[in-house]
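We number each residue from 1, following the sequence as shown.
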Amino acid sequence: MSRTVNRFSPSSIRHIATLTATLAATALLSLAAHAQSVDGEVKRIDPDSGKVTLKHGEIKNLDMPAMQMSFRLADPAWLKTLQVGDKVRFDAAKVNGQFTITAITVAK
């Protein structure tokens, strides 16, 4: 009968978990540090695709001129808070190869 032996001590496992969490937090902070808030206007909402079309100003961190285009939302629940015609302020990044809104607020 063979036995499986854990080759990692509990302290090694804790160290690996801490290192992984630190790397993930650093990656998110790096993404946030490069994001730039941009003004836009909601032109279309597509709940089936989880996308919103915005007319927006220049997005410098994406090297994108002012235009109208569709974005994926990092949180599809945000679609329920938006209406066509809303003025918004948002951050966008390229996530998994797709232009994605990572934060959005409706201007009051």
Side-chain angles (χ1 to χ4, degrees):
M1 187 186 304
S2 65
R3 283 182 47 195
T4 302
V5 177
N6 186 353
R7 295 182 184 188
F8 296 103
S9 69
S11 67
S12 293
I13 293 171
R14 281 192 301 276
H15 179 71
I16 291 169
T18 301
L19 181 59
T20 302
T22 301
L23 289 172
T26 301
L28 288 174
L29 287 174
S30 176
L31 180 63
H34 290 19
Q36 168 209 1
S37 291
V38 179
D39 292 320
E41 180 182 350
V42 177
K43 293 297 193 175
R44 184 170 179 250
I45 298 169
D46 186 354
D48 294 334
S49 70
K51 292 185 177 183
V52 62
T53 301
L54 300 177
K55 180 178 180 182
H56 62 81
E58 179 183 15
I59 306 175
K60 291 181 182 178
N61 64 302
L62 295 176
D63 196 27
M64 182 183 294
M67 65 174 72
Q68 181 171 310
M69 68 173 286
S70 293
F71 291 88
R72 187 175 70 83
L73 293 169
D75 183 350
W78 295 341
L79 289 170
K80 296 176 185 173
T81 66
L82 300 172
Q83 295 181 6
V84 172
D86 281 348
K87 304 291 185 198
V88 296
R89 187 129 180 101
F90 69 97
D91 296 343
K94 201 162 190 181
V95 179
N96 295 326
Q98 294 187 357
F99 293 113
T100 303
I101 293 176
T102 56
I104 190 166
T105 57
V106 177
K108 305 275 179 189

Considering all heavy atoms, the nearest [X]-[Y] contact:
| X | Y | value |
| --- | --- | --- |
| Thr102 | Ala93 | CG2-CB, 4.1 Å |
| Lys43 | Val84 | O-CG1, 3.7 Å |
| Leu79 | Pro47 | CD1-CA, 3.8 Å |
| Leu62 | Lys94 | CD2-N, 3.7 Å |
| Met64 | His56 | SD-CE1, 3.6 Å |
| Asp91 | Ser37 | OD1-OG, 2.6 Å |

Steps toward side-chain contact (heavy atoms from CB on, under 4.5 Å) verdict (Val106, Leu82): CA-CA 7 Å; Val106 177; Leu82 300 172; 3.8 Å; yes
In Å and rounded to the nearest 0.5 Å, what is the [atom1] to [atom2] distance from [X] to [Y]?
| X | Y | atom1 | atom2 | result |
| --- | --- | --- | --- | --- |
| Thr53 | Glu41 | OG1 | CD | 12.0 Å |
| Phe90 | Leu73 | CZ | CG | 10.5 Å |
| Lys87 | Lys55 | NZ | NZ | 8.0 Å |

Find out if a path of hydrophobic residues (ILVMFWY) with successive side-chain heavy-atom gaps under 4.5 Å connects Met67 to Ile101. yes
The side-chain contact (heavy atoms from CB on, under 4.5 Å) partner of Asp86 among Leu54, Thr105, Val42 is Val42
Do the side chain of Asp39 and the main chain of Gly57 share a donor and acceptor less than 3.5 angstrom apart? no
Going through the distances and angles, do Ile104 and Phe71 end up as a side-chain contact (heavy atoms from CB on, under 4.5 Å)? CA-CA 12 Å; Ile104 190 166; Phe71 291 88; over 6 Å; no
